[in-house]
There are 2 protein chains.
Amino acid sequence: MDVRVSLKDVAAHAGVSIKTVSNVVNNYQHVTPAMRERVQRSIDALGYRPNLAARHLRKGRTGIIALALPELGNPYFAELAAAVIDAATRHEYIVLLDHTGGRREQEILVSQGFRARVIDGLILSPIELEAEDLRDRPENVPLVLLGERDYDLPYDHIAIDNVAAARDAVRHLVGLGRREVAFIGARRGRSEPAQLRVRGWREELRAAGLSADDGLVAATDGWGHADGAAAMARILDSGRRPDAVFAYNDPMAIGAMRVLHARGLRVPEDVAVVGFDDVVEGRFGAVTLTSVSPDKEAIGRLAVESVLARLGGQAPEPRRVRAEYRLVGRESTLGHHPADDGVNGASGANSADSAHG
Amino acid sequence: MDVRVSLKDVAAHAGVSIKTVSNVVNNYQHVTPAMRERVQRSIDALGYRPNLAARHLRKGRTGIIALALPELGNPYFAELAAAVIDAATRHEYIVLLDHTGGRREQEILVSQGFRARVIDGLILSPIELEAEDLRDRPENVPLVLLGERDYDLPYDHIAIDNVAAARDAVRHLVGLGRREVAFIGARRGRSEPAQLRVRGWREELRAAGLSADDGLVAATDGWGHADGAAAMARILDSGRRPDAVFAYNDPMAIGAMRVLHARGLRVPEDVAVVGFDDVVEGRFGAVTLTSVSPDKEAIGRLAVESVLARLGGQAPEPRRVRAEYRLVGRESTLGHHPADDGVNGASGANSADSAHG
DNA sequence: CCACGACTGTATAACGTTGTAAAACCAGGG
DNA sequence: CCCTGGTTTTACAACGTTATACAGTCGTGG
């Protein structure tokens, strides 16, 4: 079936003009019910399906948006991708996925549209990209930015309030009596203002009258389990003995917990740990992980809506959209709850919960 | 920049015909160096970039292949997606990602091309799809199947030898002296032959003269951490007390370990656990996870090559390609190695290693 | 009964690219 | 000087769709 049937074939079959078939396909209003039915019958009979390439050529739109993420291995991005795909599907848009590895080179290529040249719009979650890299990119493809990096540029940006979220996490730890809170996952060789989570960590510690010296910050190259483990090991090897750790994301927090466990330190009794992103994995370790939980579904939805809003050449004022988040308290800060084995739906969210926009 | 410049504009600027510009762009051979340079200069001056929609319409190809996976949240699929994207990029192809949730309805839609109608080929990893669902799908879009499901249909299929891999895993457990090996993650209400991993589990147990009765098999609806946890809890609640567990995949194995831990059972002393897929997460828990490790990079590469090989209407004989795998032994079967905290690169692979094609 | 709108349907021309076939060009030999 | 044969360039059609502008059709009111 479905060898290749065009409007012309359907028109011949129904004995009408090509445009009339097109009108039926596109639900054009001035078509009599009788005619509509006749044409529809031919469409069904022949199994006609519109050729999108031709439609795109004619309309100048492709119906495709690109989503460029640092890496899919991190479940946060995978779940975010799922949210974007679902949101796009609701608008009859298709998502083309790309990954940059968080490398500036790749991020530039993507932002310039060199990797995918068939797209109507682009959603990009940059890691190393700098503001200057976005100066002269093609104007006809709208761009929406996601994530922690904050640029002073005329593009929409969707993110949670990273500084506030980091402060909440640290406040949670301080409220539990912790006095020496390490940060794992600063970016190597970057000015701090770019690092909203470090900034929140520092601000909250200072506000509490606690130390936030450089010995408590571990910079890393990557953002995976192994990087978190290495950073944790480095802090312990330096002789510091923090009683709490705030990690840039969940995989790093889990990597850090692995090292703590291997060295005989108990979580949370000796060291409390808070992660970021609330990935599923954190809910099923031997010690479940307290984490900042961004509303991924909302972020995906808002990103898609922002891109689509800019399609018709309309250019609404660039806006910074704040998605909501919650701090979800689990065993890595609150200790073990005997009944919780992950089988019950609620699986570990509890009193530390707090919602923010 | 880059408002919208076509071959016509370049031709006018260079004072030649449209086709000549096209010839230069496509590296057609009969173009004098002088002419080539003159045209190239105009191309650069105007910043011309080919319109892919038009090219696609003309050539009947889009340069896009679709990859449809059950879910991105499972890191195995995320890593597989990354491998496919990289392989496709090497062939100057772009990947359009879709997820089916493992639901038959969605899988049918995808296989019929209803979700993405701009693609040259499709790579699909089915879960619930049945052979009959593929009977009459569009012939002009080549399909390659991935994963455990094995159909007797004329499509390429890329997978590891699931039966052999499962037997290796069980043999590993039996070799360690385990006598009661449970299987977690059978499919509810399906005939067993479709379930290669259950079959391997059963075959190997029988070959060892051990029991493989139904009380040791836990069927599940989904394939995530929570499903594994629930299945493990169900087995324990039934009064059975297996000394080993083989799970359909790593997330389920990790969910099961969470339940074992919550109930005071030690891994591996009381219960040894083996997973499947070797996701990163398994290498950083309090107890690292022994797992079957498929060569994801090869699977992604082979899948892309298979699809592209069938593009020109050429139809090579459908083939079943076996990718390689290894069984990677870690703490969940072999016990704790004091020095291993995940910081060192090798991170836990050891004597249980064995490679297979 | 004719003219006038409002409503339906149709022919034609694009969109930007590439394949085909034919035209223009250029040496070299008769 | 013209013809021949090969190379380079060009004109034109086509891919399948939608927008535009026009031609019918039909009911209604003067």
Side-chain angles (χ1 to χ4, degrees), chain A residues 2-40 42-43 46-64 92 117-120 138 140 312-313, chain B residues 2-40 42-43 46-64 92 113 117-120 138 140-141 312-313:
Chain A
D2 195 48
V3 226
R4 197 153 285 279
V5 31
S6 73
L7 284 182
K8 186 157 63 174
D9 304 319
V10 179
H13 184 274
V16 297
S17 82
I18 293 176
K19 187 65 211 301
T20 299
V21 182
S22 170
N23 287 339
V24 171
V25 171
N26 294 294
N27 267 316
Y28 180 68
Q29 50 176 344
H30 295 306
V31 183
T32 53
M35 176 59 86
R36 189 179 298 275
E37 173 151 6
R38 170 151 72 114
V39 171
Q40 188 60 52
S42 294
I43 289 177
L46 298 181
Y48 166 78
R49 299 241 300 273
N51 177 323
L52 295 197
R55 181 176 286 175
H56 299 162
L57 171 59
R58 181 64 235 224
K59 311 239 288 195
R61 298 266 186 83
T62 66
I64 302 177
E92 303 202 305
R117 297 178 301 190
V118 276
I119 59 174
D120 290 344
N140 46 344
Chain B
D2 195 47
V3 224
R4 197 154 285 280
V5 31
S6 74
L7 284 181
K8 186 157 65 174
D9 304 319
V10 179
H13 184 273
V16 297
S17 81
I18 293 177
K19 189 66 212 300
T20 298
V21 183
S22 170
N23 287 338
V24 171
V25 170
N26 294 293
N27 267 314
Y28 180 68
Q29 49 177 343
H30 294 306
V31 183
T32 54
M35 176 60 85
R36 189 179 298 276
E37 172 150 6
R38 171 151 70 111
V39 172
Q40 188 60 53
S42 295
I43 289 176
L46 298 181
Y48 167 78
R49 299 241 299 273
N51 177 326
L52 296 197
R55 181 175 287 176
H56 299 161
L57 171 60
R58 179 65 234 226
K59 311 240 294 191
R61 297 269 186 81
T62 66
I64 303 178
E92 303 202 304
R117 297 177 300 189
V118 276
I119 59 173
D120 290 344
N140 48 343
V141 178

Distance (rounded to the nearest 0.5 Å) between S17(B) OG and L7(B) CG: 10.0 Å

Sugar-phosphate only, base, or nothing, as touched by S6(A) at under 4.0 Å among non-hydrogen atoms: sugar-phosphate

Under 3.5 Å, N/O pairs linking protein and nucleotides 18-22 of chain D:
unit_1	atom_1	unit_2	atom_2	d
dT18(D)	OP1	N26(A)	OD1	3.2
dT18(D)	OP1	N26(A)	ND2	3.2
dT18(D)	OP1	R55(A)	NE	2.9
dT18(D)	OP1	R55(A)	NH2	3.3
dT18(D)	OP2	S22(A)	OG	2.8
dT18(D)	OP2	N26(A)	ND2	3.2
dT18(D)	O2	R58(A)	NH1	2.6
dA19(D)	O4'	R58(A)	NH2	3.4
dA19(D)	N7	K19(A)	NZ	3.3

Short side-chain to backbone donor-acceptor contact, N23(A) and Y28(A), under 3.5 Å: no

Distance in angstrom units between K8(B) NZ and dC12(D) P, rounded: 14 Å

Spatial distance of atom CG (N51(B)) from atom NE2 (H56(A)) [nearest 0.5 Å]: 11.5 Å

Pair R55(A)-N26(A), side chain to side chain contact (heavy atoms under 4.5 Å, CB included): steps then yes or no: CA-CA 11 Å; R55(A) 181 176 286 175; N26(A) 294 294; 4.0 Å; yes

N/O donor-acceptor pair under 3.5 Å between R38(B) side chain and A14(B) backbone: yes

Rounded distance (Å) that lies between atom C1' of dT17(C) and atom CG of N51(B): 8 Å

d(CD1, I43(A); C1', dT17(D)) in whole Å: 13 Å

Nearest-angstrom distance from the residue atom CZ of R38(A) to C1' of dG9(C): 11 Å

Y28(A) OH to dG9(C) P, straight-line distance once rounded to whole Å: 10 Å

Close approaches to DNA chain D from residues 30-37 of chain B, in residue order (heavy atom, under 4.0 Å): H30(B), V31(B), T32(B), M35(B)

Check: D9(B) side chain, V5(B) main-chain N or O, donor-acceptor pair, under 3.5 Å: no

Between P of dG16(C) and CG of D9(B), the distance in whole Å: 8 Å

Flag, side chain of T62(B) to backbone of V118(B), donor-acceptor distance under 3.5 Å: yes

Flag, side chain of D120(A) to backbone of G63(A), donor-acceptor distance under 3.5 Å: yes

